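It should be emphasised that the depicted structure is a prediction, and the values quoted were computed from it without experimental measurement.
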Amino acid sequence: MELIRGLHNLGPSHRPCVATIGAFDGVHLGHQAVIRQLQDKAADFALPSTVIVFEPLPREYLAPLDAPARIMSFREKFLALEDLGVDRLLRIHFNEGLRSTSAQAFLERIFVRGLGVRYIVLGDDFRFGNDREGDIDFIQQQGLRYGYEAGSTETFELEGERVSSTRIRKALAEGDFTLAERLLSRPYRISGKVVYGRQLGRELGFPTANMELHRLRSPLSGVYAVTVSGAGLENAPAVANVGTRPTVSDSIRANLEVHVLEGKPQLYGKHLQVTFLHKLREEQKFDSVPELQQQIARDVTDARSWLAAHGNGSGKVRAG
């Protein structure tokens with residue numbers, strides 16, 4: 001899949017196409033329905049499929065501390081859309097100029113002149129433009145003027161309730177990884193590169209791989225039984241902490257620390273994929289480092305017990 005980094009990189013080779021636009025946070029079942037319709041239309045028109053996303057997400061730009069937690073990083077989103085067979089991903093930098101752009105100007109600049117769209121697929125709840133006028137009715141009306149067609153996707157439901165990023169965030173916050181997996185159509189994972197940390201885990205006797213979350217807020221917080229893949233590991237049993245480490249840090253920025261339960265793998269600089277299976281406890285602040293050390297030992301024991309009861313970390317572990 002081609003990544004187009006910004007409007008200034010659009011060229012004649014990117015026109016014409018079939019396109020859709022949205023946040024696609026999680027690339028869940030509802031998003032997958034949009035992509036299927038996009039791909040079907042691309043096949044009908046014998047044209048490439050293009051997905052348009054914003055970075056940062058508009059709500060992150062407008063109110064970073066109040067924006068919803070991201071389900072996935074941009075890299076994870078790219079890989080998920082690539083797996084679905086999307087041809088091109090156009091990443092548009094959301095800034096004050098874009099914020100003040102009307103739906104009409106946005107349509108003309110990006111869809112018409114930039115991409116030369118022949119068909120636009122729009123989610124039933126998506127709006128764009130500073131006037132919020134850019135809905136499916138607006139898109140279809142303007143199609144008569146600019147010579148393209150457009151259609152919307154119907155709400156995708158599971159068990160009578162809409163599949164949405166909000167619903168997935170709620171499931172993750174509650175530690176309901178079974179529901180999250182059903183809504184996503186895959187286990188919930190966080191992937192990233194292992195970076196150099198404070199080495200405190202090693203000093204405490206539990207060396208950890210530190211991974212940047214690449215998002216303003218995490219949808220998870222606490223201690224979890226997980227499996228780890230990458231760097232020669234495949235579904236290796238592990239225990240993970242997602243949070244701000246309140247006992248040893250005053251930071252408000254969350255990060256992910258993973259302690260692999262078997263062996264001593266060398267993970268620094270490697271890309272890992274962490275699959276979340278079960279929440280063991282909430283993150284908490286301890287009065288002393290020795291108390292933290294004792295709790296980590298209990299967490300390791302609890303993770304081993306849960307993983308042993310639900311599989312052996314070889315790909316047969318079940319979320320719960």
Side-chain angles (χ1 to χ4, degrees), residues 69 170-181 187-192 194-213 217-231 233-268 270 272-320:
K170 183 174 184 293
L172 293 175
E174 295 174 351
D176 191 345
F177 295 110
T178 299
L179 177 58
E181 179 174 348
Y188 181 68
R189 301 182 177 101
I190 291 179
S191 62
V194 178
V195 298
Y196 185 79
R198 295 176 57 186
Q199 303 295 301
L200 180 61
R202 188 175 301 277
E203 294 176 15
L204 297 176
F206 302 96
T208 59
N210 296 272
M211 297 168 58
E212 294 181 346
L213 293 175
R217 295 177 58 200
S218 168
L220 300 176
S221 177
V223 179
Y224 301 87
V226 303
T227 58
V228 177
S229 296
L233 303 175
E234 185 175 355
N235 296 319
V239 60
N241 180 84
V242 182
T244 59
R245 300 175 295 184
T247 303
V248 297
S249 174
D250 294 325
S251 173
I252 63 172
R253 187 179 183 87
N255 74 331
L256 168 60
E257 296 176 292
V258 182
H259 172 66
V260 178
L261 299 180
E262 299 174 358
K264 297 181 180 180
Q266 301 301 309
L267 302 176
Y268 178 71
K270 306 293 180 60
L272 300 181
Q273 187 176 73
V274 181
T275 300
F276 289 81
L277 301 170
H278 176 69
K279 187 168 186 175
L280 298 172
R281 64 174 176 87
E282 298 288 349
E283 186 178 45
Q284 62 190 100
K285 184 173 183 178
F286 297 93
D287 293 332
S288 66
V289 171
E291 285 187 32
L292 170 62
Q293 188 176 24
Q294 293 170 8
Q295 182 58 58
I296 294 174
R298 288 192 289 269
D299 294 337
V300 168
T301 298
D302 292 344
R304 287 186 186 278
S305 297
W306 190 92
L307 289 165
H310 293 79
N312 59 10
S314 62
K316 300 178 180 179
V317 178
R318 302 184 306 277

Looking only at heavy atoms, the pair that brings L261 and R304 closest together is O-NH2, 2.8 Å
Nearest heavy-atom pair of A238 and V258: which atoms, and what distance? CB-CG1, 3.8 Å
If the condition is side chain to side chain contact (heavy atoms under 4.5 Å, CB included), which residues does S218 pass it with, not counting sequence neighbours? L213, L220, V242, A254
All heavy atoms of V194 vs all of M211, minimum pair found to be CG2-CG, 4.2 Å
Exactly one of I296, V226, V300 should register a side-chain contact (heavy atoms from CB on, under 4.5 Å) with H259. Which one does? V300
Report yes if some heavy atom in the side chain of L233 is under 4.5 Å from a heavy atom in the side chain of L267; otherwise report no. yes
To the nearest 0.5 Å, what is the distance between OH on Y224 and CD1 on I190? 8.5 Å
Derivation of the side-chain contact (heavy atoms from CB on, under 4.5 Å) call for F177 and L172: CA-CA 6 Å; F177 295 110; L172 293 175; 3.8 Å; yes
Could you tell me how the ring of W306 sits relative to the ring of H278: parallel (under 30°), tilted (30 to 60°) or perpendicular (over 60°)? parallel
So OG1 of T227 and CD of Q273: to nearest 0.5 Å the spacing works out to 8.5 Å
Set of side chain to side chain donor-acceptor pair (under 3.5 Å) partners for S221, sequence neighbours left out: none
Say you draw a straight line from CD of E212 to CG of N210; how long is it, rounded to the nearest 0.5 Å? 9.5 Å
Side-chain contact test, heavy atoms from C-beta onward, threshold under 4.5 Å: evaluate it for T208 versus N241 and give yes or no. no
Could you measure the distance from the CG atom of L272 to the CZ atom of R189? Nearest 0.5 Å is fine. 13.5 Å
Side-chain heavy-atom pair R281, Q295 within 4.5 angstrom cut-off: yes
Using every non-hydrogen atom in the two residues, find where Y196 and Y268 come nearest and quote the distance to one decimal. N-CE1, 3.0 Å
